[in-house]
Amino acid sequence: MPASVLSDWLAQRLDRGSVQPIYRQLHRLLQQAILSRELTAGAKVPSSRLLAAELGVGRNTVTQVYEQLALEGYVSSATGRGTFVADSAPDEIVFDELPSAVEAAPAVLSARGERLIAGAGVSKRQGGAFMPGVPDVSRFPARVWSRLHAKYWRRLRPDLLTYAPGGGLASLRHALADYLRTSRSVHCSPEQIIVTTGIHQSIDLAVRLLSDAGDTIWTEDPCYWGVRSVLQVSGLDLKAIPVDEEGIAPSPDDLANPPKLILVTPSHQYPLGMVMSLARRRMLLEYARQNRCWIIEDDYDSEFRYGSRPLASLQGLDAAGQVIYVGSFGKTLFPGLRIGYIVVPEALSASFATASAELYREGQLLQQAVLAEFIAEGHFTSHIRRMRALYGQRRELMLATIAARYGETLPIAGGDAGLHLVLRLPEGVDDRAVAARALEENIVVRPLSGYFARRDRAESGLLIGYACVPDEEIEPAFETLAGVVDQFINR
Ligand SMILES: Cc1ncc(COP(=O)(O)O)c(C=O)c1O
């Protein structure tokens with residue numbers, strides 16, 4: 001096509017009613033003309049002023065399109081002489097049609113992608129009555145935090161702005177080792193601690209390094225949906241083991257087939273709230289030792305125990321180095337911080353640190369430096385102390401409100417610790433329907449049955465988070481929820 005008829009050719013094809021901007025259409029049309037050799041190599045294209053006038057578009061639009069085409073190698077400009085089609089086009093794809101007219105590739109997920117999305121438990125809401133698992137972030141000591149941040153930004157340290165060496169910042173690993181030793185009875189040196197973005201990533205890392213696709217992992221039934229999703233996409237064979245009052249309760253049949261990994265929440269079973277008994281802890285450790293399984297201990301919220309002291313970790317009882325301990329600042333500070341930690345036996349620490357840098361290309365060192373100092377200056381433990389008192393008070397209020405409405409007719413589980421409790425519903429009540437109906441009233445609760453892997457074992461109930469609900473909202477919000485619950489109970 002001679003360059004002289006180019007404007008007509010373009011004018012016929014521009015769709016001024018399209019949602020696609022004129023700039024983009026013009027760019028694609030010129031690409032198409034060059035790649036299909038409608039415009040031959042060396043041909044001079046009209047000046048931007050002329051083409052803009054003939055097409056009735058802004059001159060800037062044409063100039064930008066020419067500049068973009070020059071960057072991509074389709075045209076070249078010679079000062080004072082004009083713009084010419086390049087001798088060789090950047091690639092040899094021949095466009096027959098405008099891409100907008102081409103049928104889009106079907107959005108087909110892999111089988112595991114499909115499973116992940118179909119079973120996704122993540123909520124669009126992350127606060128308000130009665131969102132479980134969320135601390136009261138409005139009480140975070142922002143002033144102290146911003147002072148520490150400002151200090152690090154004032155004395156800019158380039159080493160804190162680059163990629164992290166595997167494992168995280170030494171000062172944070174030291175501060176964490178002290179904290180975990182004294183508060184959680186975890187036996188560890190700073191080198192055994194790998195800083196991660198939270199429990200999700202810690203479990204992902206442990207599973208990738210300690211198991212292969214097809215290996216079996218025992219999970220508690222019920223268990224936290226988030227880690228179940230992480231495990232599912234890693235290709236493991238998940239075996240849901242029931243829990244009783246003492247924690248995970250494998251049957252003789254289960255015990256006869258040792259898994260590669262066992263994931264437990266011994267300090268505070270999630271979501272039902274029981275504490276694993278000492279006898280069960282000993283049994284599990286001995287079983288893991290004899291059968292060479294790894295135990296992953298998810299210690300996600302044990303700082304918040306009301307009345308009694310927090311219990312020592314399972315890792316602290318482990319003499320054989322079979323326990324991988326994971327924890328997080330998500331509940332103690334704020335979920336969006338995305339800093340957690342994994343404590344591994346000494347022999348694994350170098351591999352975990354390398355793998356973590358290799359897989360996740362970690363950073364956030366400045367944030368880690370701030371956190372290390374926040375802990376070292378004592379702000380972390382005092383924040384926990386204050387929040388424990390606050391959540392303890394809200395828990396009392398929650399329990400009293402439930403008791404006033406239901407007496408003993410609806411039992412409560414897991415009210416001694418953590419950020420939520422479970423209100424059990426009579427058998428047969430559809431807790432998913434209750435939660436969906438409550439959401440219409442702007443109340444978020446999670447149905448207990450959704451945490452069970454085995455539908456035949458699923459129990460009906462509601463997870464009610466009270467930690468993030470201001471005192472004065474607890475009673476009215478529960479009244480609204482109770483109104484919904486009653487509609488289902490009294491059917
Ligand atoms: C049992 C359990 N483990 C882990 C997590 C998430 O931890 P993180 O935010 O550190 O990934 C949660 C969050 O609710 C949880 O309930």
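Whatever order the structure lists them in is the order used to number ligands and atoms, beginning at 1. Bear in mind the structure is a predicted one, so any value in this text is a computation, not a measurement.
- Heavy atoms of Val227 stay at 4.0 angstrom or farther from ligand 1.
- Residue contact annotation: Gly330 has no non-hydrogen atom under 4.0 Å from ligand 1.
- Among protein heavy atoms, atom 16 (O) of ligand 1 sits closest to Tyr270 CE1, 3.4 Å.
- Within ligand 1, the atoms closer than 4.0 Å to a non-hydrogen atom of Asp298 are 1 (C), 2 (C), 3 (N), 4 (C), numbered from 1 in the order shown.
- Between Tyr270 and Tyr300, the ring planes lie perpendicular to each other; the angle is over 60°, past the 30° to 60° tilted range.
- Side-chain contact between Val134 and Lys331 is absent, with no heavy-atom pair separated by less than 4.5 Å.
- Counting heavy atoms from C-beta on, the side chains of Ile217 and Ser211 never come closer than 4.5 Å.
- Selection from Glu220, Arg338, Gln201 by nearest heavy atom to atom 11 (O) of ligand 1 gives Arg338.
- Side chains of Ser267 and Asp299: a donor-acceptor N/O pair is present below 3.5 angstrom, by distance only.
- A salt bridge does not link Asp318 with Arg289: none of the charged nitrogens is closer than 4.0 Å to a carboxylate oxygen.
- Between Asp136 and Arg394 there is a salt bridge, since a side-chain N of the basic residue sits under 4.0 Å from a carboxylate O of the acidic one.
- Against a heavy-atom cut-off of under 4.0 Å, Ser328 is close to the following atoms of ligand 1: 8 (P), 10 (O).
- Taking the charged nitrogens against the carboxylate oxygens, Asp159 and Arg157 do have a contact shorter than 4.0 Å, which makes a salt bridge.
- Looking at atom 5 (C) of ligand 1, its nearest protein heavy atom turns out to be Tyr224 CE2, 3.4 Å.
- At a heavy-atom distance under 4.0 Å, atoms from both the backbone and the side chain of Ile199 approach ligand 1.
- Distances below 4.0 Å separate heavy atoms of Lys331 from the following atoms of ligand 1: 12 (C), 13 (C), 14 (O).
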